[in-house]
Amino acid sequence: MDYKPGLFLKTSVGMVLFLLCFSASPLKAQINADTITDELRSKILNHFQHFTIGFYIDTYYNWTLGNKDDTSTIIPFSSNSPVQNQVRVNHAAFEIYYSADKVRGKLAIQYGDAPNLLASPDAQFIKYLRQANFGFRIVKNLWADFGYIFNPIGVESSWSALNQISTVTTGGYFEPGSLLGVKLSYKVNDKLNFGMMVGNPFSLAYGKNTHMAGIIFLNYHPVKQLTITYNNFWGNQALVDAEIKNNILYNNLIVIYRPIKQVEITGQFDFAGQTNSGIAPDTAKTAVMLSGFLMAQYRFNEHFSITAQYQFFDDPDGFLSGKYLVKGKITGLNMQGFTVGAEYRPVQIGYVRLEYRHLMANQDNNVFYGNTSDIFQAFTLTTGVRF
């Protein structure tokens with residue numbers, strides 16, 4: 001057979017075209033598959049970029065002084081670090097937040113000594129939840145949130161990581177707790193925001209009843225160095241089947257001033273009144289409570305700081321703190337004290353604090369060391385990380 005170059009070329013071209021025709025679909029399918037994978041990957045990444053996940057662990061040790069007659073391990077009026085003379089875990093917590101343009105959500109689960117202490121017997125289910133809520137943006141700068149929501153009253157937190165002084169004041173212990181309900185918040189501008197909450201409070205001091213409570217909050221930043229916050233809490237604190245109403249109005253004012261970069265001064269004043277809560281024989285009168293603190297922190301650098309705090313609490317009718325027999329007379333709790341502390345931050349997310357706390361209750365009002373003393377003293381070491 002003779003060799004024909006033209007026939008070989010035609011045959012070769014034909015074979016190439018034939019192979020390309022049959023391979024076009026797989027090639028196109030592969031390209032499409034890669035494109036879909038990239039789209040899915042992009043969607044997943046865009047979705048998860050709205051999430052923030054965090055962890056928090058805090059441990060403590062209380063070295064109490066003068067407690068030789070104490071038969072109890074729990075320190076009264078403690079919002080955290082409640083157990084004395086033992087190395088303990090305050091909190092071990094997991095946080096997850098979602099924040100997008102029109103929707104947001106928050107979930108924080110916690111374990112440890114502090115959640116166990118602050119949960120009342122009829123609300124044990126709530127103790128592992130620090131917060132669990134979600135919200136929608138109604139219009140620009142106006143949000144509605146639903147679920148278990150922080151109460152804005154008070155600058156202190158049971159989470160030591162959020163405080164300058166790890167332990168919480170006596171007044172802070174008796175402040176209203178978080179609400180299970182709804183919150184409306186509106187940001188006017190960078191200097192002013194306000195809102196309202198309605199729901200059922202959960203705390204030791206106020207218990208749980210079927211009466212609804214309300215909160216109004218306002219935050220104002222007239223200048224960069226100054227923050228002024230006002231919050232209030234109101235509602236009927238009597239049991240649902242009680243004939244007499246115990247209507248409370250709790251006012252909370254917070255002022256934070258930073259005159260220079262290294263110094264921060266914080267003042268808080270609480271004033272509350274509750275109807276039909278007086279001590280016998282005049283139980284129909286309105287009882288009044290006053291509390292607050294003044295605190296100053298000086299930060300040497302990003303690693304070292306010192307803080308001093310003076311606090312007071314006066315509940316003469318005992319409608320929050322309970323009633324005590326003092327020199328043959330029934331009265332509520334009156335207390336004042338001071339705390340000084342030093343903090344070392346080896347890294348931004350971690351801290352080590354050593355504090356000395358001295359509290360003095362009204363004379364013969366033996367509320368400390370197993371009801372054997374009206375004076376309490378302790379060194380408290382806390383250390384933790386939150387990231």
Side-chain angles (χ1 to χ4, degrees), residues 60-86 88 90 113-114 116-121 154 156 158 160 163 165-177 203-207 237 248 250 268-272 274 277-280 287-294 309-341 355-380:
Y60 71 95
Y61 178 80
N62 280 310
W63 177 31
T64 51
L65 308 177
N67 63 335
K68 61 183 179 64
D69 297 322
D70 192 2
T71 58
S72 172
T73 60
I74 301 297
I75 299 172
F77 319 121
S78 296
S79 297
N80 60 31
S81 308
V83 180
Q84 57 183 337
N85 302 324
Q86 297 180 37
R88 307 279 296 195
N90 248 329
D113 283 349
N116 282 326
L117 182 77
L118 294 175
S120 58
E156 300 173 289
S158 63
S160 299
N163 300 337
I165 295 287
S166 289
T167 53
V168 178
T169 62
T170 304
Y173 175 81
F174 288 108
E175 286 173 345
S203 66
L204 285 176
Y206 300 85
Q237 297 305 299
I248 189 174
Y250 194 111
Q268 176 174 308
F269 177 71
D270 291 6
F271 169 74
Q274 182 169 290
S277 302
I279 291 178
V288 173
M289 184 281 302
L290 302 173
S291 72
F293 67 85
L294 181 64
Q309 178 196 74
Y310 166 78
Q311 63 165 296
F312 70 93
F313 178 84
D314 186 21
D315 181 21
D317 288 289
F319 78 96
L320 286 178
S321 60
K323 297 173 174 58
Y324 302 88
L325 180 64
V326 179
K327 294 184 176 180
K329 181 180 179 181
I330 300 295
T331 183
L333 181 65
N334 178 283
M335 185 186 300
Q336 59 181 322
F338 66 89
T339 304
V340 292
E355 301 167 358
Y356 169 73
R357 184 169 35 146
H358 186 105
L359 302 177
M360 300 161 286
N362 42 339
Q363 190 175 8
D364 295 329
N365 198 174
N366 296 324
V367 295
F368 300 114
Y369 304 137
N371 304 115
T372 63
S373 176
D374 54 16
I375 294 177
F376 174 81
Q377 300 180 78
F379 285 96
T380 302

### Query
Roughly how far apart are Leu359 CG and Ser373 OG, rounded to 0.5 Å?
10.5 Å
### Task
Please tell me if the side chains of Phe77 and Thr169 come closer than 4.5 Å, counting only heavy atoms from C-beta onward.
no
### Task
Apply ring pair (Phe, Tyr, Trp, His ring centres under 6.0 Å) to Phe376 and list each qualifying residue two or more places apart in sequence or on a separate chain.
Phe368, Tyr369
### Message
Restricting to non-hydrogen atoms, name the atom on Val367 and the atom on Ala361 that form the minimum distance, rounded to 0.1 Å.
### Response
CG2-CB, 4.0 Å
### Message
Nearest 0.5 Å, please: how far is CD in Gln86 from OH in Tyr60?
### Response
7.5 Å
#### Entry: Asn62 (side chain) donor-acceptor with Pro82 (main chain) under 3.5 angstrom
no
### Task
Please report the closest heavy-atom contact between Phe269 and Leu290, naming both atoms and the distance.
CZ-CD2, 3.8 Å
### Query
Could you give the distance from CZ (Arg357) to OG (Ser81), rounded to the nearest 0.5 Å?
7.5 Å
### Task
Only counting residues at least two apart or in another chain, list the ones meeting side-chain hydrogen bond (donor to acceptor under 3.5 Å, both in side chains) with Tyr310.
Gln336
### Message
A side-chain contact here means heavy atoms from C-beta on lying under 4.5 Å apart; do Asp270 and Phe174 qualify?
### Response
no
### Query
Can any side-chain N or O of Gln311 pair as donor or acceptor with the backbone N or O of Thr170 at less than 3.5 Å?
yes
### Those residues that, when tested against Leu294, pass side chain to side chain contact (heavy atoms under 4.5 Å, CB included) (two or more places apart)
Ile265
### Qualifying residues under side chain to side chain contact (heavy atoms under 4.5 Å, CB included), relative to Phe379, sequence neighbours excluded
Trp63, Leu65, Tyr356
### Summary
For Ile248 and Phe319 the tightest heavy-atom approach is CD1-CE1, 4.0 Å
## Note on the structure
side-chain hydrogen bond (donor to acceptor under 3.5 Å, both in side chains) filter on Asp314, not counting sequence neighbours, yields Asn334
### Summary
Rounded to the nearest 0.5 Å, the CD1 atom of Ile279 sits from the CG atom of Asp317 at a distance of 4.5 Å
### Query
Under 3.5 Å, side chain of Glu355 to main-chain N/O of Ser166, donor-acceptor pair present?
yes
### Query
Which distance, rounded to the nearest 0.5 Å, do you find between the OG of Ser79 and the CD of Glu156?
7.5 Å
### Task
Hey, could you give me the CG/OG1 distance between Asn85 and Thr64, rounded to the nearest 0.5 Å?
3.5 Å
#### Entry: Residue list, side-chain hydrogen bond (donor to acceptor under 3.5 Å, both in side chains) with Ser321, at least two apart or on another chain
Asp315
### Message
In the structure I gave you, are the side-chain heavy atoms of Asn366 and Tyr324 within less than 4.5 Å of one another anywhere?
### Response
no
### Task
Applying side-chain hydrogen bond (donor to acceptor under 3.5 Å, both in side chains), name anything that partners Ser291, two or more places apart in sequence or on another chain.
none
